[in-house]
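Worth knowing before you read on, the calculation uses all heavy atoms, side chains too, and leaves out hydrogens, waters and symmetry mates. We count ligands from 1, going down the list as the structure has it; atoms in each ligand are counted the same way.
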Amino acid sequence: MLLTLTTTHRPATDLGFVLRKNPARAQSFNLNFGKAHVFYPEATEERCTMALLVEVDPVGLVRTRRGPSGEGGLLDQYVNDRPYAASSFLSVALADVFGTALTGQCLEKPKLGELAIPLRVELPALPCRGGDEFLRKLFEPLGYRVEAVRLPLDEASPEWGDSSYHRVVLEATLPVHQLLSHLYVLIPVLDNDKHYWVGDDEVSKLLRRGEGWLTAHPEREAIARRYLKHQRGLVSDALRQLIVDGEPDPDEAAEVQAAEEANVERGLSLNEQRLGTVLAALKGVGATSVLDLGCGEGRLLRQLYKDRQFKRIVGIDVSHRVLEMAADRLHYDRFSDAQKERLKILQGSLMYRDARLEGFDAAAVVEVIEHLDPPRLAAFERSVFEFARPGTVVVTTPNREYNVRWETLPAGRFRHRDHRFEWSRDEFQAWSRRVSERFGYTVRFLPVGPEDAEVGAPTQMGIFERRVA
Ligand code: SAH
């Protein structure tokens, strides 16, 4: 997704001071859902344009549960408009990349921060649920001139009609920080699909970013409603505070946040997130043949089977009983021969070299290694990384550090009776690095589930990729 901001203030390159981004350089920033790039396609005395390009990483989306909250389930998480359309991701990128500018501070030229300068914003693909009429109702009261062209669903097929996306140009003479706050709040409001995973308190964010303009805005109710994803409790909270326009009560904010978190936990279980993240990783490396090692009852197999990218799928487990459950879950008895060719369920142990597991693009080993006691873990390492040797191996295991956050888990206990160990992040990473070194792989790590600043995420994942010889 792209946003450009142009000024004709003289000297126009002052924009670089206000944004604290040097017009002479292109810079990239890591976000927890992708990357943001800032560069200036033009930077002269007369005219200066800053471009913010945000790339959304689909694995990151699933990992942090910031995917769209539509009805489409998993499919929605992979096939959606989020990489292209201006949405709450753009807001987060704005706040991350231009945090200081949003506060109105300009270190090098203090007066510049508060100076109203001519600004022009272009958003090539802004979803406007509610049409351009609503767009105008949002921006015109704030002093913008609004230009909006509705985009067709597909230029090549005009008979399909229009989309809800608009190419939008906004012009106003304002201090940059005001414009940034307006965009920060109103882009997700227009999209009306703000990612509802709320890490910080959304009410106080809305009040902070809306300071000085939201209270008086004729559409403030609609704004609060959409910004807070129609969560009635939060909306009335926000509106009450908007009316008094005071600072929010921190205790109340914490309560609201806790309630939201509980809500979110209910919305998508850790198990689903884990599967989603593993699936995204397998898709991300472009695998078409995959192994599910220790496939258990076949939850991942079912997801893999639904995805046409995967042409050859093999699930293997040592336990007959769970394989029966997997077969049931998949309705394997109704499979045609061709379907059985595409997806095979094998009984076998990962302790032994097994020729049936050779020649695959990727393997998933989801919540399996912690079931193996140490001498057997060494055998597993060889059978997977030395003999089966898939191009990519995705391994997940519990993060022991997170256990203190499970209220129902007595201190010092494992999450499952059959677990032989549960590793801290350091322990898992040390093991992973050792395995990579020994067998010629590289490894990177991703957290799965809500990440806690102190103890990390409940599940840890390593993505091993075979080095080219
Ligand atoms: N991956 C599945 C199941 C995880 S439970 C999921 O995410 O739901 C761990 C699984 O590993 C069990 O089904 C167990 O039978 C299997 N397992 C344990 N030791 C194994 C071995 N030596 N070889 C193959 N599978 C094994």
Mark up the atoms of ligand 1 that fall under 4.0 Å of a heavy atom belonging to [X], in ascending order.
X      : value
Cys295 : 2 (C)
Ser319 : 15 (O)
His371 : 5 (S), 9 (C)

Report yes if some N/O of [X] lies less than 3.5 Å from some N/O of ligand 1; otherwise report no.
X      : result
Ser349 : yes
Ile316 : no
Met351 : no

Under 6.0 Å from the CD atom of Glu159, do we count more than 12 heavy atoms belonging to anything else shown?
-> yes
Please indicate whether Glu358 has more than 12 foreign heavy atoms, meaning atoms of other residues, nucleotides or ligands, lying under 6.0 Å from its CD.
-> yes
Answer with side chain, backbone, both or neither: which part of Ala364 has a heavy atom less than 4.0 angstrom from an atom of ligand 1?
-> neither
Below 4.0 Å from any atom of ligand 1, is there a heavy atom belonging to Gly348?
-> yes
Return the closest protein heavy atom for [atom] as residue, atom name and distance.
atom                    : value
atom 8 (O) of ligand 1  : Arg299 NH2, 3.6 Å
atom 14 (C) of ligand 1 : Asp317 OD1, 3.5 Å
atom 9 (C) of ligand 1  : Glu367 O, 3.4 Å
atom 3 (C) of ligand 1  : Gly294 O, 3.4 Å
atom 23 (N) of ligand 1 : Leu350 N, 2.9 Å

Charged N to carboxylate O under 4.0 angstrom, Arg312 versus Glu341?
-> no
Does a side-chain N-to-carboxylate-O contact under 4.0 Å join Arg299 and Glu272?
-> no
For atom 20 (C) of ligand 1, which candidate among Val368, Asn271, Val318, Leu300 holds the nearest heavy atom?
-> Val318
From the options Val366, Val365, Leu372, select the one whose nearest heavy atom is closest to atom 6 (C) of ligand 1.
-> Val366
Please answer whether the main-chain N or O of [Y] pairs with a side-chain N or O of [X] as donor and acceptor at a distance below 3.5 Å.
X      : Y      : value
Arg467 : Thr442 : no
Glu386 : Glu381 : no
Arg434 : Gln429 : no

Kindly determine whether Phe421 and Phe428 satisfy ring-ring contact (aromatic ring centres under 6.0 Å, His included), including the steps that lead there.
-> CA-CA 11 Å; Phe421 57 82; Phe428 176 56; 9.6 Å; no
Is any side-chain heavy atom of Thr392 less than 4.5 Å from a side-chain heavy atom of Asp361?
-> no
Is a side-chain donor-acceptor pair under 3.5 Å present for Gln460 with Tyr402?
-> no
